[in-house]
A.B. asks: 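What follows is a structure written as structure tokens; I'll ask about it next.
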Amino acid sequence: QVQLVESGGGLVQAGASLRLSCTASGHTLRTYAMGWFRQAPGKAREFVAAISWTGISRHYEDFVKGRFTIARDNAKNTVTLQMNRLEPEDTAVYYCTADGGGQMGPVMGNYWGQGTTVTVSS
């Protein structure tokens with residue numbers, strides 16, 4: 001069983017940066033693809049970014065390309081999401097997910113964290 005805990009959310013102004021972290025316990029993340037999703041108020045959860053277990057392959061949803069960067073540190077069992085040039089439309093609860101089958105994209109996710117809230121004011 002993998003437990004995921006997100007941190008790093010907060011309230012920022014448009015144009016600012018935030019760095020989200022996800023720390024795993026209960027199992028090494030070394031063989032899991034990792035990803036970030038988000039859910040804005042009144043909307044469905046959507047895929048944001050994913051990274052392969054080696055860290056070599058990364059996928060991003062179009063609306064974050066060039067602004068967000070996903071990274072992982074298998075030795076520390078963590079995955080991060082660096083978010084730059086934040087926009088009010090990025091306001092959402094951000095969830096970390098781990099996929100034991102290596103899937104990367106909108107259908108990935110065997111384990112989920114509880115989420116961390118990001119609010120971007122205009």
Side-chain angles (χ1 to χ4, degrees):
Q1 188 75 10
V2 176
Q3 291 84 42
L4 303 172
V5 178
E6 303 94 336
S7 62
L11 171 63
V12 297
Q13 291 188 329
S17 298
L18 277 176
R19 188 184 189 198
L20 306 184
S21 293
C22 173
T23 301
S25 60
H27 196 283
T28 178
L29 293 180
R30 198 178 305 275
T31 59
Y32 285 77
M34 300 296 298
W36 288 94
F37 283 66
R38 70 185 187 185
Q39 186 167 18
K43 295 187 178 181
R45 188 176 299 188
E46 61 183 357
F47 170 75
V48 174
I51 187 168
S52 63
W53 71 271
T54 62
I56 295 176
S57 180
R58 306 179 189 191
H59 294 176
Y60 296 96
E61 191 56 76
D62 286 345
F63 53 73
V64 301
K65 284 182 179 178
R67 298 191 300 127
F68 292 8
T69 302
I70 189 170
R72 68 188 297 159
D73 185 335
N74 287 339
K76 296 181 178 179
N77 247 16
T78 60
V79 62
T80 59
L81 185 68
Q82 178 66 41
M83 306 187 296
N84 298 328
R85 304 196 309 276
L86 283 162
E87 304 168 353
E89 293 74 22
D90 296 317
T91 294
V93 178
Y94 284 72
Y95 297 92
C96 174
T97 186
D99 194 293
Q103 290 196 95
M104 297 170 57
V107 297
M108 70 180 297
N110 300 125
Y111 303 99
W112 296 86
Q114 293 301 305
T116 185
T117 300
V118 172
T119 303
V120 184
S121 63
S122 57

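Here, residue 1 is the first one in the sequence, and each next residue gets the next number.
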A.B. asks: Enter the distance from Phe68:CZ to Leu86:CG here, rounded to the nearest 0.5 Å.
C.D. replies: 5.0 Å

A.B. asks: Compare every heavy atom of Gln82 with every heavy atom of Ser17, then report the nearest pair and how far apart it is.
C.D. replies: CB-NE2, 3.9 Å

A.B. asks: Grab the two heavy atoms, one from Leu4 and one from Ala24, that are nearest each other, plus how far apart they are.
C.D. replies: CD2-CB, 3.7 Å

A.B. asks: Counting distance only, does the side-chain N/O of Arg72 pair as donor-acceptor with the main-chain N or O of Ser52 below 3.5 Å?
C.D. replies: yes

A.B. asks: Taking all non-hydrogen atoms of both residues into account, name the closest pair between Tyr60 and Thr69 and its distance.
C.D. replies: OH-CA, 3.4 Å

A.B. asks: Roughly how far, to the nearest 0.5 Å, is the CG atom of Leu81 from the CD atom of Glu6?
C.D. replies: 11.0 Å

A.B. asks: With sequence neighbours left out, write down each residue that passes salt bridge (Lys or Arg N to Asp or Glu O under 4.0 Å) with Glu46, or none if nothing qualifies.
C.D. replies: Arg38

A.B. asks: Provide the full list of disulfide bond (SG atoms under 2.5 Å apart) pairs with a residue in residues 51-122, sequence neighbours left out, each pair given once.
C.D. replies: Cys22-Cys96

A.B. asks: Tell me every residue that passes ring-ring contact (aromatic ring centres under 6.0 Å, His included) with Phe47, counting only those two or more places apart in sequence or in another chain.
C.D. replies: Phe37

A.B. asks: Just verifying a value: how many Å separate Gln39 CD and Tyr95 OH, rounded to the nearest 0.5 Å?
C.D. replies: 5.0 Å

A.B. asks: In terms of hydrophobic clusters joined by side-chain contacts under 4.5 Å, are Leu20 and Val2 together?
C.D. replies: yes

A.B. asks: Rounded to the nearest 0.5 Å, how far does CH2 of Trp36 lie from CD1 of Ile51?
C.D. replies: 12.0 Å

A.B. asks: Minimum heavy-atom separation for Gly8 and Leu18, please, with both atom names.
C.D. replies: O-CD2, 3.7 Å

A.B. asks: I need the minimum non-hydrogen distance between Gly35 and Ile70, along with the two atoms involved.
C.D. replies: CA-CD1, 4.3 Å

A.B. asks: Would you give me the side-chain donor-acceptor pairs under 3.5 Å for residues 100-111, sequence neighbours excluded?
C.D. replies:
from   : atom 1 : to     : atom 2 : distance (Å)
Asn110 : OD1    : Gly100 : N      : 2.6

A.B. asks: Taking Arg85 for its side chain and Gly66 for its backbone only, find out whether a donor-acceptor pair lies under 3.5 Å.
C.D. replies: yes

A.B. asks: Which donor-acceptor pairs under 3.5 Å do the side chains of residues 112-122 make with protein atoms, sequence neighbours left out?
C.D. replies:
from   : atom 1 : to    : atom 2 : distance (Å)
Thr116 : OG1    : Gly9  : N      : 3.1
Ser121 : OG     : Val12 : O      : 3.4

A.B. asks: State which residues pass salt bridge (Lys or Arg N to Asp or Glu O under 4.0 Å) with Lys65; sequence neighbours excluded, sorted by chain then number.
C.D. replies: Asp62

A.B. asks: What's the spacing between Thr23 OG1 and Gln3 CD if we round to 0.5 Å?
C.D. replies: 12.5 Å

A.B. asks: I'd like to know if Met83 and Leu11 are part of one continuous hydrophobic network [Ile/Leu/Val/Met/Phe/Trp/Tyr, side-chain heavy atoms within less than 4.5 Å].
C.D. replies: no

A.B. asks: Which atoms form the tightest heavy-atom contact between Thr91 and Ala40, and what is the distance?
C.D. replies: O-CB, 3.6 Å

